[in-house]
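Take a look at the structure below.
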Amino acid sequence: MSTFAHEHGYEVVVGLEVHAQLATGGKLFAPEPYRFGADPNSLVSIVTSAQPGVLPLLDRAAVELALRVALALDCHIPETSRFDRKHYFYCDLPKGYQITQLFHPYCTGGRVPLADGRAIELERIHIEEDAGKAVHDRGPRTLVDLNRAGVPLIELVTRPDLRSSDDAVQFLESYREILVYTGASDADMEKGNLRCDVNVSVRRPGEPLRTKVELKNLNSLRNVQASIEFEAVRQVEAYEAGTPELVVQETRLFDVERGETRTMRSKEDAHDYRYMPDPDLPPVRVAADELERLRDGLPTLPHVRRANYVERLGLSAYDAGVLTAERAVSDLFDGVVERAGDGAAKQAANWISNQVLGAFADESNALASVADLPFGAAELAELVELVDSGTLHSRGARDVLDKLLTEGGSPTEWVERLNLGAVRDRGALEAWCRTALESNARAVDAVKGGNEKAAGALVGAVMKASGGRADPAEARALLLELIAAS
Amino acid sequence: MSGAHDQLAGDAHDVARRIADGTQSAESTVGAALERARTDPFGCFEALDEEAALERARELDRARSGGASCGPLFGVPIAIKSNICVDGELTTCGSRLLAGHRSIYDATAVERLVAAGAVVVGTTRMDEFGMGSSGENCASGATTNPRTPAGGAARSPGGSSSGSAAAVAAGIVPLALGSDTGGSVRQPAAFCGVFGHKPTWGRVSRHGLVAFASSLDTIGTLARSARDLELALAVMAGPDGRDSTAFERTDLDRELAAPDARDANRPLAGLRLGVFDDSALTDVDPHVLERFTRTLERARELGAELVTVDLPHHRHGVAVYYVLAPAEASSNLARYDGVRYGRRVEAGTSLEDMMTATRTEGFGHEVTRRILLGTHVLSSGFYEAWFDRAARVRRAVADDFAAAFESVDLIATPTAPTTPFTLGEDVDPLVRYRGDALTIPASLAGLPAVSVPVDVEPGRTVGLQLIGPATADLSVLRAAAALRPDSVEATRGAAPGGSVQ
C-alpha cells in the first residue's frame, strides 16, 4: 500500500469525485423512462434531444433519492438549492450545457464511514444530469446515443482526506453500500452507474498540499487502486529526481492495458465552463417535514448493522460482513432475530449464510435473491423455534429448509409431512441402535478397544435408519450403554 | 361570398363573431387571409401553410354546422412568429442555421389558441433569434413597415417581432404572436401602429418558444384592439406541465369574471398613473414626446391622476440588459451545433471543425456579436465583474419598480424614443441598443406592459407604453382599452418606396 511513497518519506493525498446514477428509472428533467441496454436513441424525448423551445422540468423523485443519501451521510441540507448550467461543446451533450449545481448545491458536508472505523469528510454532493454516449468503435463515424442523456446523477466530492489507494477502495465500497441500502442507486460500476474520478498528490507529512493530478477512466475498484499506486510512484520519482516540473496540474487518463496514467489534457486546455444560474428552473425547496418523512424512511446503515451483529448478537465480523453484503439479506436476518429473539441469531446466521446464500449462488435453481424466496423471516423464525423446543433436530431442520427453498410452505407442516419430528420413544431408539450395532461389527470392536470416536459411525447409522428423527446425543448414550452391556 | 376585405374587417372579436353567427365561414375567412398573405408586399411571412390552414378551417365549419360550440377565436386566422413552435411548420427563428427547420411539436400558447378556434396561417419573419429591433437581421429578408408614407423610403417595422406586427398592421391577420425579451413585441407594435402586450414573465408558458434570454423571454400578442390582447391572454395564460416557471391563473380568472365597475365616461377614475420627470425623457424625439404628452392629457380627462415617479436605476437598464441577455443567449444558442437538427456545414475532419463551421456560417452578425459578448461576461475571471454585477443591478431596477408601485398603479412612458427609422441605415449597434431603453426595464423586472398606438400616421407612428406591477396584466390591458377603446384600422399600405437591404 503505497509503500514506495512511504519508503521515500512521502504521504499520498487523495480526493474523490464520485458520480452515482439515481435509480428513478427516468430522466432528471424530461418525461421519458430510462433503461440500461435499451436500443440506441429509443429513450429520447424532445426535451432530451434539446429541440428548440423545450424546457426542463425537475423530477422530484430524483431529489428525494438524493436527499436520502444526504441524510444517510449526515450532510447539511439547506432549505433551497439551485441549478446551474455548465457549458461545453460535444456531440453527446445536446443542449451545449449540462444542468448541474455549482453555486448552491442541495447539500454540503457530511461523511462516509470506512470499515476500519474512520470517517471521510465530504465537501458536498450535488444533483446533475448525465450526458449521452459517443460511440467511436463502430465504423468510421462517431455515433451518438442519447438514451443516457438527462439521467439523474449525484456527484459526491470528498475533502482530500484519503491517504492511500486502499482508503479510496474502502471509501468506494462503503459509499456504494450506502447508495444501495438507501435505494438511491444500483451503484454498479460495470454498468457505469457508479463512476469515479480521483485527485492525487504526494507530499512530506505536515507540508501544505502539492500539485494535484486528476485521473479519469476508472471503471473498476481495481483501476482506482492501480491508478493511484502508479500515479503516487510517478510523482514521488519526479520529486526525488529533481524534476518537479513533471508533476503539473492536469487530467490524466488511466490506460488499463499498460497499467499507467498519461496526459489527457493540461491545465491550459482545461475547459472554461462558463457556469450560469439556470433561468428555466425555479429554486428547489426542501421543507422540514419532507426531510423528517425521508429520515423516518431511512434504513439502518450497513456499518451500524455490522457493529450490532458483532457486539450485541455475538456474530463473527466475517459473518456480519456476509449478512450485510446485501440489504435484503440483512433485512431477512433482522426479521428472524426480531421474531425469534437474539438467541436465534447464530442459528439464523448459519442457515442464511450457508443454505440460503448457497441457493442463490447455485445456478441450477431459479433463486438469485431474497425477492425470489418462497418464504420469509416468519418461516425461518418458526424453524428456529421448532429446533429450540426440541421438536426438530438440526439435521431435520436442514431438510425442512431445503424444502422451504424449493417449495415454500410452513415449517411445521413440513416436519409432519416428512415425518421428521424427533422420536423420544425409547423402544424405537433401541431398535435402531441394535440394528446399527449388528451391521457395524468393526466399529463396535473399535469402541470396545477404547476408541470412543468410532461411536460416531454408529450414531450416523442410527440417524440414517431413523431418517434424522433420533436425537443423536440420546442415540450415542444408548449405543455405548448397549456395547458396554454386551 | 363577400369580398376579402370584409371578411377580415375589424378585430379578432369581430371576425370570430361573424363566423360564429354564420355571416361568413371560417374557410372564406382563412382563404381571405391567405390571399392577402400571398400578395403581401411587406414580407411579413417566413412561410405559409395554406393547405393545413384551409383544412383546419373546413374542419371548424363542419364542426359548427354539426352544432359544436364555437371557441372565442373560432375561425380567426393568426400568424405566429417563427421562433414559436407550430408542429410541422417552419420554425427558422430568422436564422440561416435553422433554414428549413420544422418543429415537431406545438408550443403551449399555440396549442391553446388553436383549441380556442384560431387557425394558424403561417410563421412570420423576425430578427434572428429575437436579436434586433429593425427586422433587418433576418436570413430570409427584412420586413417593411406597412405604415410607410406613400412614396417615402421604406420604414422599419421594428423588431424583433417584425413580421407579426406588420401582418397585423397590414390587415392580413387580426392577431399574431410575437415574443418580447427587451421590447420585441412592444417596439414593433409602436412602429407598426398596433397594440402589443408583453405579459408578466411566467404568465404564459414558454414551452415551445425558442429561447433567446430565458429569464426575460415572454410570448406576447399583437392585435388591432386592446380587447383582443385580453382575449388572447385569457386563452393562453396559466400553468403548464412543461414549463415550471409558468404560474397559476386564479387571480386572472377572478378578475376576468368580475363585472366591469368602471364609469364609462371616466374609465380611469382613481387610477394613479406614474410618469417620469421630463429630464428622464430627453432622448425622446419631439414628435413622440408630443403625442405621448397629449395622450397623458387624455388619460387625465378619463380620470387618471398623474404622479411623478423616480426610478433611480432605470437608466442602467440598457447596460444591464446587454450583459445578461447575451450571457443567456450564448448559453441558449449552444445547442445549434449541427449535430441533431438545422443546418450542418461539413468542414475539416473533427467534430469541433464541423461545429465551428456550422455556427460561423449559420449565425448572422448580430447573433455572433451577442454570443461573443455573452461568452465573455460568463468567462472565468469576468463572471463576478460582469454577469454577477449586472444581476445585482437588475434586482435594483426591479426594486425601484416595486417601490414606485407603492404609490402608483401603472407607469406610462413612450414605447420607443423615435418614430420608425428608414430601413438600410448603417448605424452603430449601440444606437440601436439605446432605442430599447424604455422597454428593457419592464423586461428586467418581469413586469406586464402594453404598447398602445397613439399615432398611426404612416411614418409618424407612436406607441405609449403602460407598465404594471407583476401579474397585473389585466389592469394594464384595461387601461390601454380606456385610452384607445376602438380598433386601429389596418392599412393596405403604399408600395414600399425605398430599397430594402
Side-chain angles (χ1 to χ4, degrees), chain A residues 29-31 41 44-60 83-99 102-103 131-132 134 136 140-146 149 267 269-285, chain B residues 83-85 91-93 98 101 103-107 129 201-202 205-211 213-217 240-247 324 327-328 330-342 351-352 354-356 359 374-383 387 391:
Chain A
F29 299 112
N41 296 311
V44 182
S45 67
I46 55 173
V47 176
T48 297
S49 63
Q51 293 295 315
V54 297
L55 296 166
L57 204 84
L58 176 64
D59 176 16
R60 196 70 203 187
F83 285 101
D84 305 299
R85 296 178 178 182
K86 173 183 180 177
H87 301 88
Y88 60 93
F89 288 99
Y90 197 59
C91 57
D92 65 6
L93 189 71
K95 295 187 292 295
Y97 58 84
Q98 176 194 30
I99 304 179
L102 176 77
F103 299 113
H136 302 290
R141 296 179 79 88
T142 295
L143 303 176
V144 180
D145 178 5
L146 294 181
K267 193 186 177 187
D269 303 330
H271 294 297
D272 181 348
Y273 292 120
R274 293 173 285 118
Y275 284 97
M276 181 189 92
D278 193 318
D280 290 329
L281 290 158
V284 184
R285 296 187 198 287
Chain B
N83 64 347
I84 299 170
C85 295
T91 308
T92 62
C93 301
L98 287 178
H101 174 72
S103 284
I104 57 173
Y105 70 102
D106 274 333
F129 287 106
W201 191 80
S205 166
R206 288 181 292 123
H207 172 72
L209 167 63
V210 179
S214 317
S215 74
L216 299 154
D217 290 342
D240 178 14
R242 295 158 295 188
D243 176 2
S244 42
T245 64
F247 56 81
L324 297 180
E328 293 189 26
S330 73
S331 173
N332 285 324
L333 272 58
R335 69 189 57 194
Y336 307 107
D337 56 10
V339 173
R340 293 165 312 285
Y341 44 71
L351 177 71
E352 197 180 324
M354 184 280 283
M355 286 182 174
T356 304
R359 292 169 64 80
T375 302
H376 176 72
V377 301
L378 289 177
S379 298
S380 164
F382 296 96
Y383 179 87
F387 186 89

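In what follows, chains are A, B, ... by sequence order, proteins preceding strands, each numbered from 1. Given the structure is predicted, the values throughout are model-derived calculations rather than measurements. Note that these values count all heavy atoms, side chains included, but never hydrogens, waters or copies made by symmetry.
With a threshold of 4.5 angstrom between heavy atoms, B:N83 does not approach chain A through any atom at all. For A:P56, the part lying near chain B is the backbone, with the side chain staying farther off; criterion is any non-hydrogen pair under 4.5 Å. Both the backbone and the side chain of B:T375 come within contact range of chain A, each with at least one heavy atom under 4.5 Å from a heavy atom of that chain. Using a 4.5 Å cut-off between heavy atoms, A:F29 makes no contact with chain B at all. A:Y90 touches chain B through backbone and side chain together, each having a heavy atom under 4.5 Å away. Contact of B:E352 with chain A is not made at all, since no heavy-atom distance falls under 4.5 Å. Residue contact with chain A, scored on non-hydrogen atoms closer than 4.5 Å, involves the side chain of B:Y336 exclusively. With a 4.5 angstrom heavy-atom cutoff, A:L58 does not touch chain B via any of its atoms.
Interface summary for chain B: among A:L281, A:D278, A:D272, A:L93, the most heavy-atom pairs under 4.5 angstrom belong to A:D272. Residue with the most contacts toward chain A among B:S379, B:A211, B:S331: B:S331 (heavy-atom pairs, distance under 4.5 Å). Heavy-atom pairs under 4.5 Å with chain A were tallied for B:L216, B:I104, B:T91; the largest tally goes to B:I104. The greatest number of non-hydrogen atom pairs below 4.5 Å with chain A, out of B:V377, B:T245, B:L351, B:D217, is found for B:L351.
Nearest approach of A:G53 to B:R335, heavy atoms of both residues: N-NH1, 4.5 Å. Taking both residues in full, the closest heavy atoms of B:G342 and B:L98 are given as CA-CD2, 4.0 Å, listed atom of the first, atom of the second, then distance.
A:D145 meets the side chain to side chain donor-acceptor pair (under 3.5 Å) test with no other residue; sequence neighbours excluded. Scanning for side chain to side chain contact (heavy atoms under 4.5 Å, CB included) contacts around A:F89 gives A:R274, B:A334, B:M355, B:R359, with sequence neighbours left out.
For the residue pair B:R340/A:S49, the side-chain donor-acceptor check at 3.5 Å is not satisfied. For the residue pair B:S205 / B:R242, no side-chain donor-acceptor distance below 3.5 Å is found, with atom types taken as modelled.
Other residues, nucleotides and ligands place more than 12 heavy atoms under 6.0 Å from the CZ atom of A:R60.
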Start with the C-alpha distance between A:H136 and A:T142, add both sets of side-chain angles, then the distance that settles side-chain hydrogen bond (donor to acceptor under 3.5 Å, both in side chains), and finish with yes or no.
CA-CA 5 Å; A:H136 302 290; A:T142 295; 3.1 Å; yes
